[in-house]
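Following: one structure in structure tokens, then a few remarks.
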Amino acid sequence: MGFTFTSLLIHISLFASILSSASTAASSTSENFIKCLSKNSADTSTSIRSIVYSPTNSSYTSILEFSIQNFRFISPTTPKPQFIITPTQESHIQAAVICSKKYDYLIRVRSGGHDYEGLSYISYKPFIIIDLFNFQEINVNIKDNTAWVQAGATVGQVYYRIAEQSSTHGFSAGVCPPMGVGGHIGGGGIGFLMRKYGLAADNILDAYFIDVHGKLLNRKSMGEDLFWAIRGGGGASFGVIVAWKIQLVPVPPIVTVFNVERTLEQGATNLFYKWQNSAHKFHEDLLVRTIIQAVNGENGGKTIQIVFQSVYQGTIKELLPLMQKSFPELGLESKDCAQMSWINSTLNVAGLSGQPLEALLNRSQQSKNYFKNKSDFVKKAITPTELESLWKFLLEETEISSPVLITEPFGGKMAKISESAIPFPHRAGNLYNIQYVLTWGDGSATTRSLDKSRRLYYYMTPYVSKSPRAAYVNYKDLDLGMNKDMNTSFMEASVWGEKYFKANFVRLSFVKKKVDPGNFFWNEQSIPPFQTKWI
Ligand SMILES: Cc1cc2nc3c(=O)[nH]c(=O)nc-3n(C[C@H](O)[C@H](O)[C@H](O)COP(=O)(O)OP(=O)(O)OC[C@H]3O[C@@H](n4cnc5c(N)ncnc54)[C@H](O)[C@@H]3O)c2cc1C
Ligand SMILES: *[C@@H]1O[C@H](CO)[C@@H](O)[C@H](O)[C@H]1NC(C)=O
Ligand SMILES: *[C@@H]1O[C@H](CO)[C@@H](O)[C@H](O)[C@H]1NC(C)=O
Ligand SMILES: *[C@@H]1O[C@H](CO)[C@@H](O)[C@H](O)[C@H]1NC(C)=O
Ligand SMILES: *[C@@H]1O[C@H](CO)[C@@H](O)[C@H](O)[C@H]1NC(C)=O
Ligand SMILES: *[C@@H]1O[C@H](CO)[C@@H](O)[C@H](O)[C@H]1NC(C)=O
């Protein structure tokens, strides 16, 4: 080896000078980026600095991690952003868009951070996060039945602020209070009021939005195509949602909640079979969903338990005869039911009953864990014999991780809205959707658990929707397919795009081409701009 001590020294000093010039270049890029932000926002450079966190800042990690709840995405190898920007005014967002384009950073926009695949805070190319947690203003206008809600507000905050002003107004959205309305409404938003009023995204009247040029638009100035696309097209593909104008809906002063548990020994199979064929036909005030999982049985073994969980828009006195007519097999009794205000029911179904209403305002997560979720839609009831086999599958290897199936019935208003009204296409003809939830507490079980979730999904193939096998974009699943790079074509992306959006995927791709032809707002499952070149 011709490696002398001197040559080693030369190598070391060469290496060191390359390193230091690289880091000087990096720090001057980062200085220039901050200068760019200040130049392009209506703000001074001192105050711009107070909303930008770089990796050397001592608060960087806590700001990055506070809304991440999936341990799969908190690890030393998870890619980290060059900056986290926490805008306090629109011009900060506008500047972040303009300067990220100029300095070749990708943007990840985060509202509540609940993305199932971490796409609001992870990218494998250099990127920044725009975290909208300071954008959480909510202005309720009871006289008008509307509210303006900023994108970083959570669903729980929206419910709380509405209830502060009226006990007979509500909003149709999901169950988990800390979800951000930016992502949640941008992907649809299913919850206990959907059979009566449709999705959250079906109840949007206007929006503020910042496009790829950094322009602030509203419904009128963005035009109906783009306004259509952002209500369920999955958020991140088109630009940054700043605020939604939502339609409030009437709720009765008293609603009724029940959770009825039945095991296999108590006839759960036949009850579920009956539920499949009828829950989509129930009165639209009545939504009964189910939660299916393996539990410890009576004599030491495992069994399947199904929880029938409901929020009924009315009193017990009204509910009991309705259940007697629609689902007598469940044997619902008055003692299974609790009457409460609608706002209390949102706390109850979120697993927060007994806590003060202020728990709805809490943005930090209840429990962090390892997760993988997938979704399906069911159009034809699974037979009791087929269910028996499914239960066997669920009872296998419960020590690795035990899947929970959450099923939500459609029908009612969901079946009356046309498939093309907004990008969310899963309407008439769907009995219910299934969410497969897989949780494990130990990182070393990740490979086996992900494998199990894929096997369960494969196992379900014969029983669920086909051509396409539909999925819900808010239950994002990168196993369905991914954009390899910026040039991934519409045809290639259709593999997963049609599952989420069916025929609406074409229109989404046309809108994308119109508003972001350069594909700046790109991620692993963003809508590609339509092109006539097929491959
Ligand atoms: C515990 C839990 C419970 C859930 N329960 C339900 C439920 O009951 N019903 C239901 O329908 N869904 C439910 N979901 C799914 C949820 O709707 C989605 O994860 C939703 O995308 C979360 O929105 P977010 O703002 O919190 O997420 P984020 O992670 O912040 O964002 C999700 C996606 O939207 C993009 N995005 C976020 N904000 C903006 C913005 N302002 N402008 C443009 N793009 C943006 C992000 O870049 C990302 O791609 C649940 C999720 C979890 C983790
Ligand atoms: C971290 O960044 C924030 C926001 O820019 C700033 O207010 C704070 O002073 C910084 N802290 C440190 C230790 O650099
Ligand atoms: C999967 O769904 C469950 C129940 O809705 C939720 O608690 C969990 O956070 C979800 N998983 C991910 C990856 O977000
Ligand atoms: C709602 O819950 C609170 C406790 O959080 C309780 O004091 C109140 O009586 C309940 N109201 C109704 C109408 O359910
Ligand atoms: C929010 O919830 C977390 C987890 O339950 C809890 O530790 C925290 O104290 C709560 N914060 C507030 C302000 O209530
Ligand atoms: C994408 O296509 C453009 C133009 O055809 C090309 O310049 C670029 O290198 C391609 N990018 C990737 C990542 O393949």
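Atoms within a ligand are numbered from 1 in the order they appear, just like the ligands themselves.
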Got a second to check how far I204's CD1 is from W244's CH2, nearest 0.5 Å?
-> 6.0 Å
Are there more than 12 heavy atoms of other residues, nucleotides or ligands under 6.0 Å from atom NZ of K125?
-> yes
Which of the atoms in ligand 1, numbered in the order shown and given with their element, are less than 4.0 Å from a heavy-atom of G174?
-> 7 (C), 8 (O), 9 (N)
Which atoms of ligand 1 have any heavy atom of L132 under 4.0 Å away?
-> 41 (N)
V240 versus L132: any side-chain heavy-atom pair under 4.5 Å?
-> yes
Candidate pair K514 and D225, rule side-chain contact (heavy atoms from CB on, under 4.5 Å), full reasoning = CA-CA 9 Å; K514 201 161 95 184; D225 265 347; 3.1 Å; yes
What closest approach, in Å, do T154 and L360 show between heavy atoms, and which atom pair accounts for it?
-> OG1-O, 4.1 Å
Between V109 and ligand 1, is there a nitrogen or oxygen pair with a distance under 3.5 Å?
-> yes
Would you indicate whether D104, at its atom CG, is surrounded by more than 12 heavy atoms from other residues, nucleotides or ligands within a distance under 6.0 Å?
-> no
Taking the inter-plane angle between the rings of W275 and Y432 on a 0 to 90° scale, is it parallel (under 30°), tilted (30 to 60°) or perpendicular (over 60°)?
-> perpendicular
Nitrogen or oxygen atoms of N523 and ligand 1 under 3.5 Å apart = no
Short N or O distance, V181 and ligand 1, threshold 3.5 Å exclusive | no
What part of Y60 sits under 4.0 Å from ligand 2 if we count only heavy atoms: the side chain, the backbone, both or neither?
-> neither
Looking only at distance, does R110 have an N or O less than 3.5 Å from an N or O of ligand 1?
-> no
heavy-atom search around atom 11 (N) of ligand 2 in the protein gives N57 ND2, 3.0 Å
Decide whether an N or O pair under 3.5 Å exists between C176 and ligand 1.
-> no
Does atom OH of Y208 have more than 12 heavy-atom neighbours, drawn from other residues, nucleotides or ligands, at distances under 6.0 Å?
-> no
Which atoms of ligand 6 have any heavy atom of N487 under 4.0 Å away?
-> 1 (C), 2 (O), 3 (C), 8 (C), 10 (C), 11 (N), 12 (C), 14 (O)
Enumerate the atoms of ligand 1 whose separation from the nearest heavy atom of A151 is less than 4.0 angstrom.
-> 41 (N)
State if G191 counts as touching ligand 1 under the rule of any non-hydrogen atom under 4.0 Å.
-> no
Say whether G183, considering both its backbone and side-chain N or O atoms, lies within less than 3.5 Å of an N or O atom on ligand 1.
-> yes
Short version for Y472: what comes under 4.0 Å of ligand 1, heavy atoms counted, is side chain
Is the Lys NZ or Arg CZ of K452 less than 6.0 Å from the centre of W440's six-membered ring, within 45° of the axis?
-> no
Geometric N/O contact V175 with ligand 1, under 3.5 angstrom = yes
When every non-hydrogen atom of F530 is compared with those of F490, the smallest separation belongs to CE1-CD2, 3.7 Å
Quick one: does G188 get within less than 4.0 Å of ligand 1, heavy atoms only?
-> no
For atom 9 (O) of ligand 2, decide whether some protein heavy-atom distance is shorter than 4.0 Å.
-> no
Please indicate whether any nitrogen or oxygen in G235 is less than 3.5 Å from any nitrogen or oxygen in ligand 1.
-> no
Proximity to ligand 2 by part of T56, non-hydrogen separation under 4.0 Å | neither
Sub-3.5 Å N/O-N/O distance, R108 and ligand 1 | no
Is there any N or O on G112 that sits under 3.5 Å from an N or O of ligand 1?
-> yes
For ligand 1, is G239 a contact, meaning one of its heavy atoms is under 4.0 Å away?
-> yes
How about W496 and F505: do any of their side-chain heavy atoms sit closer than 4.5 Å?
-> yes
Report the relative orientation of the aromatic rings in F424 and F410; use parallel for angles under 30°, tilted for 30 to 60°, perpendicular for over 60°.
-> parallel
Let me know which of R231, K413, R427 forms a salt bridge (Lys or Arg N to Asp or Glu O under 4.0 Å) with D202.
-> R427
Write down the atom of N483, the atom of N523, and the distance for their closest heavy-atom approach.
-> ND2-O, 2.9 Å
Given E408, M179, R363, Q435, which one has a non-hydrogen atom that is nearest to atom 14 (N) of ligand 1?
-> M179
Geometric N/O contact R49 with ligand 2, under 3.5 angstrom = yes
For ligand 1, which atoms sit closer than 4.0 Å to a heavy atom of S120?
-> 28 (P), 29 (O), 30 (O), 31 (O), 46 (C), 47 (O), 48 (C)
Options S50, S58, S54, S59, ranked by nearest heavy atom to atom 4 (C) of ligand 2, top entry | S50
cation_pi(K374, Y457) dist<6.0 Å, angle<=45 | yes
Heavy-atom contact under 4.0 Å between Y475 and ligand 1?
-> yes
Regarding R161 and the six-membered ring of Y159, is the cationic atom NZ or CZ under 6.0 Å from the ring centre and inside 45° of its axis?
-> no
